[in-house]
Amino acid sequence: MSPDTSMLSVFERIICGELAADKLFEDDKCIVINDIHPQAPVHFLVIPKKKLVSLMDAKACDQALLGHLLVVAAQVAEQLGLKGYRLVANNGQSAGQTVMHLHFHVLGRKTLSEQGLI
Ligand code: 5GP
């Protein structure tokens, strides 16, 4: 019998492969996917595989993981040719968090030459 995944967040279901996503990067600690409803020309999400609801759930033992997520965010942004970007984490429903699994949004705009438009 397959496990009941109905209680999992959408990101956990993407991490375990049950749901498809446009994946940009993955390692043993995190996954990076394009946001399904982009708010900028480039909008990807950096998501830890460890279940943390938000930063409010993070403990001292998560320090290395949180640093890793930021380094991965910067590396993927560089690979995509971003010259600058916003990095946002909504923490808690009152701050606009809709998926209850920690994630960093990275929002940016590629230059025209990098898009091959000039
Ligand atoms: P939050 O509002 O929790 O800070 O951000 C959740 C983000 O997850 C939103 O920007 C939303 O568009 C994105 N999202 C929700 N469901 C999916 C999905 O199934 N696939 C992808 N790639 N992104 C999703």
Side-chain angles (χ1 to χ4, degrees):
M1 202 168 74
S2 51
D4 179 11
T5 56
S6 60
M7 297 301 285
L8 298 180
S9 72
V10 66
F11 294 162
E12 288 169 283
R13 294 169 71 196
I14 289 171
I15 289 166
C16 75
E18 185 193 326
L19 288 182
D22 186 9
K23 199 184 301 180
L24 300 174
F25 176 83
E26 181 173 11
D27 66 11
D28 59 326
K29 298 182 188 64
C30 68
I31 188 167
V32 180
I33 60 173
N34 277 319
D35 197 292
I36 203 166
H37 296 125
Q39 305 297 312
V42 175
H43 183 178
F44 64 83
L45 305 169
V46 183
I47 307 167
K49 290 185 174 177
K50 178 177 177 178
K51 177 63 190 267
L52 294 170
V53 173
S54 74
L55 276 180
M56 296 185 287
D57 211 14
K59 306 280 186 295
C61 63
D62 297 311
Q63 190 170 337
L65 172 62
L66 295 174
H68 181 72
L69 298 176
L70 296 183
V71 170
V72 167
Q75 288 173 341
V76 173
E78 184 179 3
Q79 281 162 15
L80 293 177
L82 297 182
K83 298 298 182 204
Y85 49 87
R86 263 187 340 124
L87 188 143
V88 179
N90 297 320
N91 294 283
Q93 285 181 334
S94 65
Q97 185 176 3
T98 58
V99 178
M100 294 301 137
H101 183 116
L102 176 66
H103 52 284
F104 291 104
H105 296 255
V106 177
L107 301 113
R109 179 183 297 276
K110 287 187 192 185
T111 63
L112 290 179
S113 62
E114 282 156 348
Q115 294 177 67
L117 298 178
I118 55 173

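None of the values given here were measured: they were computed from a predicted structure.
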CE (M100) and CD (E12) are apart, to the nearest 0.5 Å, by 12.0 Å

| request: Would you check if the side chain of H68 reaches a backbone N or O of A64 as a donor-acceptor pair within less than 3.5 Å? | output: no

One should read off an interatomic distance between L102 CG and L52 CG, to the nearest 0.5 angstrom, of 6.0 Å

I want to check something: taking the side chain as every heavy atom from C-beta on, are L80 and L24 in contact at a cut-off of under 4.5 Å?
yes

_Min side-chain heavy-atom separation L69-P48 under 4.5 Å_ = yes

Nearest heavy-atom contact between I14 and A21 is CG2-CB, 3.6 Å

Closer than 3.5 angstrom, by distance alone: can the side chain of D57 be matched with the main-chain N or O of S54 as a donor-acceptor pair?
no

| Cluster question for you: counting only ILVMFWY and a side-chain heavy-atom cut-off of under 4.5 Å, with indirect links fine, are L66 and V53 together? | no

Looking only at heavy atoms, the pair that brings K49 and D28 closest together is CD-O, 3.5 Å

> Do the side chain of E18 and the main chain of R13 share a donor and acceptor less than 3.5 angstrom apart?
Replying inline: no

On a heavy-atom basis, the closest approach of G108 and L82 is C-CD2, 4.0 Å

According to a 4.5 Å side-chain heavy-atom criterion applied to Ile, Leu, Val, Met, Phe, Trp and Tyr, with indirect links allowed, do L87 and I31 form part of one hydrophobic cluster?
no

Tell me, do V42 and R109 make a side-chain contact under 4.5 Å, heavy atoms counted?
no

- Message: Could you see if V72 belongs to whatever hydrophobic cluster contains L107? Use Ile, Leu, Val, Met, Phe, Trp, Tyr and a side-chain cutoff under 4.5 Å.
- Response: no

Tell me whether E26 at atom CD has more than 12 heavy atoms from other residues, nucleotides or ligands lying less than 6.0 Å away. yes

Heavy-atom check, side chain of V32 versus side chain of I47, under 4.5 Å
no

Would you say that F104 contacts V88 through its side chain, given a criterion of any heavy-atom pair below 4.5 Å between the two side chains?
no

Check: Among the clusters formed by ILVMFWY side chains lying less than 4.5 Å apart, do L55 and V99 turn up in the same one?
Finding: no

More than 12 foreign heavy atoms under 6.0 Å from NZ of K51: is that the case here? yes

Would a distance-only check, ignoring hydrogens and angles, find a side-chain to backbone donor-acceptor pair under 3.5 Å from N91 to A89?
yes

Exercise for review: Determine, step by step, whether H105 and H103 satisfy the ring-ring contact (aromatic ring centres under 6.0 Å, His included) criterion, reporting the C-alpha distance in whole Å, the side-chain angles of both residues, the deciding distance to 0.1 Å, and the verdict.
Suggested key: CA-CA 7 Å; H105 296 255; H103 52 284; 5.1 Å; yes

Taking the side chain as every heavy atom from C-beta outward, state whether K29 and L65 have any pair of such atoms under 4.5 Å apart. yes

Co-membership, hydrophobic cluster, residues V46 and L70, 4.5 Å side-chain = yes

Rounded to the nearest 0.5 Å, the CD1 atom of I33 sits from the CZ atom of F11 at a distance of 5.5 Å

When every non-hydrogen atom of H43 is compared with those of Q39, the smallest separation belongs to ND1-N, 3.0 Å

Q. Below 4.5 Å, heavy atoms only, C-beta onward: do I15 and L8 meet side chain to side chain?
A. no

Shortest non-hydrogen pair, F44 vs A77, comes out as CZ-N, 3.8 Å

_Under a 4.0 Å threshold between the charged nitrogen and the carboxylate oxygen, would D62 count as salt-bridged to K50?_
yes

